[in-house]
Amino acid sequence: MSVFWLGVQREWRRILTQPTYWASLFLLPLLAFVTVNGVISTPSVNNVALDIVDLDRSAASRDLQFRLDASSSISIADQLPDAHRALQRAQDKTTFGYLIIPADYQRQLIAGEQVSINVFVNQQNFMLGNTISSQVLRQVIESSLRDSASALMVGGQMKEQALANVLPIKSARSVLGNSYLNYRTFLLATMLPHLWHVLVMVVTVIALGKEFKDGTIEQWYRASGNHLSLALTSKLLIPAVVLALWIGLIDVAIFAENNAGGYASLPSLLVASWLTQFCYHTAGLLVVALTANYRQALSLAAFYTTPAFAFIGVTFPTFNMNWVSQLWLAFLPIGILVRCQNAILHWQQNLFDVWPQLSIVAVFALCFGVLGMMLLRSKVSRQELWHQH
Amino acid sequence: MNTLIQEISWLNRHRGALLILLGAPILYAFFYPLPYQHAVVDNIPLIVWDDQQSATSRDWIAQFDAHPKLQVIAVYPGEPDQAVWQQQTDAQAFLHIPNLADTRIAHQQQVVMAYGGKADNFLVYSTAMRAIAQTLQALNESYSEQAFLTLEGNGITAAQLADPIKLDITQLFNDNASYMQYLVPAVFLVIVQQVIMIALGMHWGYRFEMQRPLGQPVMVWLAHVSIYLLSGLALIVFFYRMILPWQGVFIEGSGLQMLSVVTPFLLAVIGFGMVLSIGFREQESAIIWLLPLAVPFLLMAGASWPSFAMAPWVQTLAPWIPSTWGINAMIDVAFMHHTPDYTVGWRNAFIWLSLGLLLRVLVVGKAQAAAPSIA
């Protein structure tokens, strides 16, 4: 049997005999992916609870409530007699806001006086606060327009004329990319690759760093006839295939969730993902080679990968980030993968279109890999680096 | 007391665990808030296709640009062009002002203005769409006022008739709609939870790895509870009393209120960490197992994605994770002037700590039976 396959066999035995190793290849990805999938289980957040404090109890106030309740985003939870109770319910998170319709609401509308409506939203819960604000704003603008148009029609104008006077500029809104505004696909398509890239680096560190800890790094290297690239390939073949299958599964799931099969290129996304995976394997190699210490390499890998999600522009836009964050983002290949994924999934781009960005990942991989191999070669025989606990 | 001193000296000798327990939180405290320092989304890049090219359309464009959430980065003549849109990779939204718009409005005819944006970032998309809708509403109101002025001859009445229902939106508990205040306090608690559990797991795994005495399980359990409770308290004071105010997020609850939340939270974390780490036989196992679970734990807490929109099995599981109650209770006292339900926090602490002790007694008993010299 060739040296290469002996190396592969050796690694397979190591996987089987180290519970943490096989768990991080099979169990942990499953656990993390299933949990995230269970958390973000719906395409959009609907029926956000809102209380109404109706101090007018008129036909006009009931009409406004009816229109709000008819929206799929908001659900009227209860009608309360005073704002104090409504605030309490917002504080204990029974609802996420309340709307106060003032006394004399209907009378003022009929008299042509301006009437103020107050809505209080729980902005500490950003998503739900924004959902309520947007829906109430929309409904109130529509009600306001209807009342203005009615006033003009009472003054003798035709309906079309009145509408053209109160709403001379109509709007037609279009959604570009993620056209169904599917929150689930948006989050899963970024969060799952993020979790996966943490595991790619951790697994690489386990595979190489554990050899230092066990004091077997030189034995592993010599077994390949002192060919480091051969030794690394045989060592990382099984973990790389398993992790490549995981990202393949994620990519297929993302495509299925987006119904993107008809217009987007799955092979392009797979190539982009696998190149990124290769890059993180080389990054793992580099941190092990730099530290020559299993635990320190794991800590460094954790620092490089775990906070990446905050920097890649998913939770907060990159154009509002300071220069330090933007600089850090430039060193995160996962950020490039997410951008390429967007381009492929939502803008019908293919591998050729995203290649300029992917070439940066390739350059990273080359730099990490070459530097990592040089450092590792110089450290494999240094016995003082073995058995560090 | 001897056990306590012994366990503390272990921490002092093993800088790896100490680095995780103290170094990592300090590093993350400065590093993690960096992307959110701007706190609000503004100046969203907007492209305008101005097919009208008149003084009126330039005035409209100036009004869009004046909205704090929008920034007009380019104005092109004619109809929207896909090639131009794709070249302008920074642009997040677009607007099209049709030809002869002001002539049609003067003739009392409606015009349709098309706008849209990239929906691959929901926060940017929703902010941009809301800002464009608000600006359009303001433009419409000014025209509507003119129509009513002609009809009524009175500016005040015209303004009221043009906008009969005025909406005031009050943002409760996060007045400035700060993204930093929304997300970072929750993340800090997850960091505290994870580093305590990792350090505890390393502490536990070390005994087996180095074949050191496992000690009297109740005494070791007590020592670990004391050490990690104090470390956790120090970390939370550091995050919530130093780092968050430094980042412009101010906590409203008193020290006593914070303590009443933090104590059951940390005890539950310690117990949960003891249960999760019971099978660890190496120090590094703690890092590997707990690292990928940080994001799922944060999500399960319901701070960023609402609990009622989660799958039923997650809704059942989430309350048992210490960070779920901890984050919600901390937000209650820190920002919402609300007293949380302490029974859930103490229930978690009691169950996890008891389970942790029970498992440790069993494991140590088994190890004693197998190799009395080690135990």
Side-chain angles (χ1 to χ4, degrees), chain A residues 20 24 28 32 35-36 38-42 45 91 109 112 114-120 122-124 126 133 140-141 143-144 147 151 155 161 164-178 181 195 198 202 294-295 298 302 307 310-311 316-317 320-322 324-325 342 346, chain B residues 16 32 34-38 41 105 108-116 118-122 124 130 136-137 139-140 143-144 147 151 160-174 177 179 182 284-285 287-288 291-292 296 299-300 305-306 309-311 314 331 335-336 338:
Chain A
T20 302
S24 53
L28 279 171
T35 310
V36 171
V39 171
I40 307 157
S41 63
T42 53
V45 176
Q91 283 174 318
L109 281 180
Q114 196 175 48
V115 55
S116 281
I117 289 177
N118 290 289
V119 63
F120 297 82
N122 177 355
Q123 199 64 37
Q124 182 57 36
F126 218 81
S133 304
V140 166
I141 287 174
S143 294
S144 193
D147 284 315
Q161 192 186 2
N165 275 318
V166 296
L167 188 67
I169 307 168
K170 275 182 78 174
S171 56
R173 192 169 76 172
S174 46
V175 185
L176 307 176
N178 195 359
L181 286 177
L195 287 168
V198 174
V202 163
Y294 184 30
R295 195 168 54 241
L298 276 174
F311 290 84
F316 200 71
N320 278 146
M321 288 181 191
N322 57 25
V324 185
S325 311
N342 258 340
H346 299 310
Chain B
Y32 188 81
L34 279 176
Y36 305 113
Q37 273 180 341
H38 198 67
V41 177
I105 290 171
Q108 294 190 327
Q109 291 173 336
Q110 280 185 318
V111 295
V112 179
M113 210 181 268
Y115 70 96
K118 290 179 184 168
D120 43 24
N121 184 310
F122 267 64
V124 175
R130 202 163 134 184
L136 283 173
Q137 165 70 1
L139 290 174
N140 275 325
Y143 282 105
S144 185
L151 199 72
Q160 289 181 346
L161 285 169
D163 187 20
I165 308 172
K166 195 169 168 297
L167 180 69
D168 290 321
I169 299 174
T170 305
Q171 291 165 334
L172 295 171
F173 320 127
N174 182 2
Y179 208 81
Y182 152 64
E284 292 80 9
S285 304
I287 305 176
I288 295 163
L291 199 63
L299 287 173
M300 286 169 88
W305 181 263
M310 295 176 192
V314 181
I331 286 171
F335 306 116
M336 296 179 71
H338 184 246

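All heavy atoms count here, side chains included; hydrogens, waters and symmetry mates do not. Chain identifiers are assigned alphabetically (A, B, ...) following the order of the sequence lines, protein sequences preceding nucleic acid strands; residue numbering begins at 1 within each chain.
- Between chain B and the residues A:V175, A:L195, A:D147, A:V324, the most heavy-atom pairs under 4.5 angstrom are made by A:V175.
- Residues satisfying the ring pair (Phe, Tyr, Trp, His ring centres under 6.0 Å) test with B:F122, not counting sequence neighbours, are A:Y183, A:F186.
- Both the backbone and the side chain of A:S143 have a heavy atom closer than 4.5 Å to some heavy atom of chain B.
- Side-chain atoms of B:M300 and A:T35, non-hydrogen and from C-beta on, do get closer than 4.5 Å to each other.
- A distance of 6.0 Å separates NE2 of B:H338 from CD of A:Q91, quoted to the nearest 0.5 Å.
- How far CE of B:M113 is from CZ of A:R173: 16.0 Å, rounded to the nearest 0.5 Å.
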Please step through side chain to side chain contact (heavy atoms under 4.5 Å, CB included) for the pair B:K118 and B:V124, ending with a clear verdict. CA-CA 8 Å; B:K118 290 179 184 168; B:V124 175; over 6 Å; no
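- Closest of all the heavy-atom pairs between A:A302 and A:P307 is O-CD, 3.7 Å.
- Contact count versus chain A (heavy atoms, under 4.5 Å) is highest, among B:Y36, B:Y143, B:W305, B:F173, for B:W305.
- Heavy atoms closer than 4.5 Å to chain B are found in both the backbone and the side chain of A:L167.
- We find the CD-CG distance between B:Q110 and A:N165 to be 9.5 Å, quoted to the nearest 0.5 Å.
- Residues satisfying the side-chain hydrogen bond (donor to acceptor under 3.5 Å, both in side chains) test with A:N320, not counting sequence neighbours, are B:D42.
- For chain A, the nearby parts of B:V41 are the backbone and the side chain; heavy atoms of each come within less than 4.5 Å.
- For A:L109, the part lying under 4.5 angstrom from a heavy atom of chain B is the side chain only.
- The CD atom of B:Q137 sits 4.0 Å away from atom CD1 of A:I141, with the distance rounded to the nearest 0.5 Å.
- The most heavy-atom pairs under 4.5 Å with chain A, out of B:S285, B:G116, B:A309, come from B:A309.
- Contact annotation for A:S325: only side-chain heavy atoms (C-beta onward) come within less than 4.5 Å of a heavy atom of chain B.
- Contact of A:V115 with chain B is made through backbone and side chain together, with heavy-atom distances under 4.5 Å.
- For B:I288, the parts sitting under 4.5 Å from any heavy atom of chain A are the backbone and the side chain alike.
- Counting heavy-atom pairs under 4.5 Å between each of A:L298, A:T20, A:V119, A:V140 and chain B puts A:V119 at the top.
- Across all their heavy atoms, A:Q124 and B:Y182 have their closest contact at O-CD1, 3.2 Å.
- Of the two parts of A:V166, the backbone and the side chain both hold a non-hydrogen atom closer than 4.5 Å to a non-hydrogen atom of chain B.
- Heavy atoms closer than 4.5 Å to chain A are found in both the backbone and the side chain of B:Q108.
- Atoms CG and CE, on A:N122 and B:M336 in that order, are 4.5 Å from each other to the nearest 0.5 Å.
- The most heavy-atom pairs under 4.5 Å with chain B, out of A:S41, A:A164, A:P168, come from A:P168.
- Residue A:I169 touches chain B through both its backbone and its side chain, counting heavy-atom pairs closer than 4.5 Å.
- Heavy-atom distances place the side chain of B:L136, and not its backbone, under 4.5 Å from chain A.
- In this structure, chain B has a heavy atom under 4.5 Å from the side chain of A:V198, while its backbone stays farther away.
- Looking only at heavy-atom pairs under 4.5 Å with chain B, the residue among A:A32, A:S144, A:S116, A:G177 that has the most is A:S144.
- For a residue to count as touching a neighbouring chain, one of its non-hydrogen atoms must lie under 4.5 Å from one of that chain's; by this rule B:L34 touches chain A with backbone and side chain alike.
- Separation of atoms OG (A:S171) and CG (B:L139) is listed at 11.0 Å; rounding is to 0.5 Å.
- Minimum heavy-atom separation, B:P296 to A:V36: CG-CG2, 4.1 Å.
- In this structure, chain A has heavy atoms under 4.5 Å from both the backbone and the side chain of B:L167.
- Looking at B:Y115, the atoms closer than 4.5 Å to chain A (heavy atoms on both sides) sit in the backbone and in the side chain alike.
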